Every structure is written in structure tokens, then in C-alpha cells.
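What you see is a predicted model, and the numbers here were worked out from it, not measured in a lab. The basis for the numbers below is simple: all heavy atoms, side chains too, and nothing from hydrogens, waters or symmetry mates. Convention: sequence-line order gives letters A, B, ...; per-chain numbering from 1.
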There are 2 protein chains.
Amino acid sequence: MSQNKRAELIRNALPLFYRNGFTATGMDLVAKETGVSKTSIYKHFRTKEELILAVLRLRDENFRNWLYRRMEDLADTPKGQLLAMFDALGEWFREPGYQGCMFVKAAAEFQQASDPINQQAYQHKELLLVHFTALCRAAECADPEAMARQMLILKEGAIVLAAMSHSDAPAAEAKAMAERLLA
Amino acid sequence: MSQNKRAELIRNALPLFYRNGFTATGMDLVAKETGVSKTSIYKHFRTKEELILAVLRLRDENFRNWLYRRMEDLADTPKGQLLAMFDALGEWFREPGYQGCMFVKAAAEFQQASDPINQQAYQHKELLLVHFTALCRAAECADPEAMARQMLILKEGAIVLAAMSHSDAPAAEAKAMAERLLA
DNA sequence: CGAGAGGTGTACCGATCTGTTCACGTTTTT
DNA sequence: AAAAACGTGAACAGATCGGTACACCTCTCG
């Protein structure tokens with residue numbers, strides 16, 4: 001019961017924070033839009049920061065699961081999967097509510113390195129890097145770590161520019177670069 | 001007189017917004033830290049939004065001037081300048097107060113496409129793209145427009161990851177990619 | 001001198017923020 | 001059926017937000 005309400009709260013708060021921003025979204029709005037009273041919210045989370053951290057944990061899980069699965073569905077070789085990532089990103093960019101990377105925005109709003117939100121946001125990027133490194137190693141790249149970091153740069157650049165330009169073109173442009181680098 | 005105070009206000013407000021964020025920086029703090037009374041601020045700018053737009057205009061001018069000049073100082077061929085951009089970015093990343101791209105953060109905080117701040121933030125990226133395109137054309141790239149957009153993706157990816165990882169390594173990694181793409 | 005422009009500091013307005021309190025229902029368990 | 005657990009709505013506290021009002025100071029210039 002309690003866990004259900006808690007999970008429902010986190011799940012419904014996610015799009016709120018994603019679309020309105022963290023600071024700009026008040027707890028009264030969270031209560032109203034999630035259907036969970038403010039009293040209950042503060043029974044599950046001591047502060048707004050704890051709720052945001054929980055939301056980011058869910059987002060990390062959802063996003064990485066979605067991306068990895070999509071990469072596997074679109075290609076079966078390691079190199080093919082790395083390239084397919086940019087096709088998956090393109091699909092994401094074309095979604096109506098696309099607003100950029102939630103972790104980049106979290107790090108932008110809570111930019112002190114000592115902030116737990118900032119740290120958790122970067123952790124998401126580190127987890128992506130681990131996965132990319134494994135794929136690069138399986139693809140027998142000369143320097144898997146370096147190639148993985150480069151793929152991450154391409155991914156982040158495409159995400160930021162797609163958000164700012166309201167276009168999915170950066171996905172294809174990043175993919176073109178990845179193709180030449182992985183060749 | 002008036003213009004001096006106004007310029008001084010914008011100049012001193014810039015690092016405040018850059019380090020604290022736009023929403024998180026209150027007008028009382030702006031008045032206190034810039035040395036310009038709130039009464040005077042609101043004589044020059046009708047709203048906080050207008051002040052932010054003025055700050056972003058100054059930042060655009062300062063940053064583009066600095067980057068273009070640094071690229072010219074470090075190399076004399078068009079291709080060399082494009083590569084030198086990543087060395088210049090590395091210098092920026094190593095500066096003590098580095099906090100990422102102010103325009104990306106502005107677009108993240110004011111993410112509605114109809115928001116004037118969002119529009120002005122993207123305009124900065126468009127101006128960079130114009131410059132890159134001219135350099136790519138001078139470097140006799142096969143497709144100057146596409147190559148310029150790719151260089152912009154590399155630049156934005158490096159900026160975001162340098163900010164999140166508190167490291168200057170993305171500059172060298174992006175440069176390595178640019179070298180292979182421009183070869 | 002005297003007027004006006006440009007500036008300051010402070011107090012204030014109404015709204016909104018995070019977080020708490022309290023009295024009250026509803027459901028589950030014993 | 002009694003009791004504990006879980007939930008609600010609404011009011012509230014204290015702080016802060018963007019923005020305004022007002023009295024005052026200090027120059028410059030005629």
C-alpha cells in the first residue's frame with residue numbers, strides 16, 4: 001500500500017519535474033498533479049531534495065533500460081549497437097514532449113559539486129560510460145575507454161542541440177561522426 | 001553616467017547568474033553584489049527577464065569574441081583554427097569558476113520555446129554555427145554546413161561533460177574526433 | 001541659489017516557496 | 001468491535017520571491 005503510493009508519487013512527479021524544471025515546480029503542484037496529498041509526500045520524503053533524488057533514480061533506470069534495449073533491438077553487433085544508439089536518440093528527439101536530458105538539467109540547476117543531486121546526475125553519465133566501454137571492447141576498438149568517452153561526447157552534444165534547436169537532426173549528424181570514428 | 005551604471009550592473013550581474021543560476025539568484029542579491037540599488041535596477045530594466053536578456057547579450061559578445069580571437073591566436077589556417085577551438089575550450093574548462101555553458105543553462109531553466117530567454121540562448125548557438133560554417137568552407141570541406149554542425153555537436157558535448165565531470169579531458173577527446181573528421 | 005536628474009536605503013505589497021500541524025476520514029489488522 | 005495504520009484537506013509558519021513607493025542625498029547646470 002504505502003509502497004504503491006510512494007512509487008506512484010515518484011512516477012507521476014517525474015514528468016512534472018522534467019517539463020517544468022526542479023526549482024520551478026512547487027510541492028503544492030506536485031501534490032495536486034500526482035494525486036498524493038502534501039502530508040503524505042512529506043511522510044515518505046523528508047525534503048524536496050529526497051524526492052528529486054528518488055525521481056532521478058527512477059529516470060536513470062527507465063532511460064538506461066529503454067536505451068540499451070532499443071540499441072539491442074536495432075542491431076546485434078557491438079558496433080552496430082553503438083551506431084543504433086543515435087537512431088534511438090532520434091526517436092527520442094521526435095517525441096512531442098522532448099525537453100533534453102533530465103540529468104544535464106538537474107546538474108545545471110544544482111551545480112555545486114557537493115550537491116547530492118549534482119553527484120547523482122553525473123553518476124548516470126558514468127553508468128552510460130561503463131556500458132559504452134564494454135561495447136567498444138567487444139567491438140575490438142584499439143582504445144575502448146577513449147572511444148567510449150568519445151561516443152558519450154557525441155551523445156551529449158546531440159541531446160543538447162536537439163533540445164535547443166527543437167530538431168532531431170543532431171541525431172543523424174552525430175551518427176555520421178560515429179560511423180567514421182568506428183570504421 | 002546612467003549608461004555607466006547600467007553597464008556596470010550587467011557586467012557584475014553576469015557572474016552572479018552564471019554561478020548561482022538565474023532563478024536561484026534573487027534581485028535583492030543582485031542589488032547587493034553589484035552595488036546598484038534595487039530602485040536603480042528597476043529604473044533601467046522593467047523586469048528581471050529584461051536584465052537576464054541583457055546579461056546574455058553581454059555574455060554572447062564576450063564569449064564569441066574570446067573564442068574567435070583565441071582560435072586565431074592559436075592557428076592561422078581555417079582547419080587549424082577549428083582544431084584550436086578545442087584547445088581554447090580546454091583552457092576554459094581549467095578555469096577555477098568553470099560551470100558549463102551559460103546558454104545551455106539558460107535554455108534549461110527557461111525551456112519553453114516561446115520564452116525570449118530560450119530564443120536568445122539558441123541564437124548564440126546559431127551565431128557560432130555561422131562562424132564554423134565559414135571556417136569549414138574556407139577549409140574546403142566537402143559539405144561545410146554538415147561539418148560545421150558536427151563541430152558544434154563536439155563542442156557542446158565537451159562543454160556539458162566537462163562541467164558534469166569537473167574535468168578538462170573532454171576537450172582533448174573532442175579534438176581527437178575533430179582531427180579524424182577534418183582529415 | 002535653486003531646480004532637476006540620478007542615485008540610495010528601507011519598508012512594504014501580494015504571491016509563492018518548503019515544510020508542519022491538526023482534525024478528520026477510511027481501511028486493515030487484531 | 002477496538003485499535004492502529006494510512007490517507008486526506010486545509011490552514012498555518014517563516015522565509016523569500018519580483019516589484020513598488022517614498023523620503024532622502026548629492027551632484028550638475030542654468
*B/Leu74/B/Gln81 under side chain to side chain contact (heavy atoms under 4.5 Å, CB included): CA gap, chis, key distance, verdict*: CA-CA 7 Å; B/Leu74 291 171; B/Gln81 285 182 24; over 6 Å; no
*Summarise protein proximity over nucleotides 17-27 of chain C in one line of letters, 5' to 3': B for base, S for sugar-phosphate only, - for none, counting protein heavy atoms closer than 4.0 Å.*
-BBBBB-----
*asked:* Does B/Lys155 qualify as a cation-pi partner of B/Phe132, given the criterion of NZ or CZ under 6.0 Å from the six-membered ring centre and within 45 degrees of its axis?
replied: no
*asked:* In this structure, how many angstroms lie between the P atom of D/dG7 and the CG atom of A/Leu9, rounded?
replied: 11 Å
_Length of the line joining A/Lys43:NZ and D/dT8:C1', which is rounded to integer Å_ = 10 Å
*Indicate yes or no: does A/Arg137 engage A/Glu145 in a salt bridge with an N to O separation below 4.0 Å.*
yes
Are there any protein N/O atoms within less than 3.5 Å of an N/O atom in nucleotides 13-15 of chain D, and if so, which ones and at what distance?
none

_B/Glu140 bridged to B/Lys79 by N-O distance under 4.0 Å_ = no
*Does the distance from a Lys or Arg side-chain N to an Asp or Glu carboxylate O, for B/Arg64 and B/Asp60, drop under 4.0 Å?*
yes
_Main chain of B/Thr23, side chain of B/Glu109: is a donor-acceptor contact present, judged purely on distance under 3.5 Å?_
yes
_I'd like to know if the side chain of B/Lys48 reaches the main chain of B/Gly26, judged simply by a donor and an acceptor atom lying under 3.5 Å from each other, with no hydrogens or angles considered._
no
*Round to the nearest Å and state the distance from B/Phe45 atom CZ to D/dT20 atom P.*
15 Å
*OP1 or OP2 of D/dC6 sitting under 4.0 Å from any side-chain N/O of A/His44?*
no
*Taking the six-membered ring for Trp and the single ring otherwise, decide whether the centroids of A/Trp92 and A/Phe63 are under 6.0 Å apart.*
yes
*Separation of atom CG in A/Leu29 from atom C1' in C/dA15, rounded to whole Å*: 15 Å
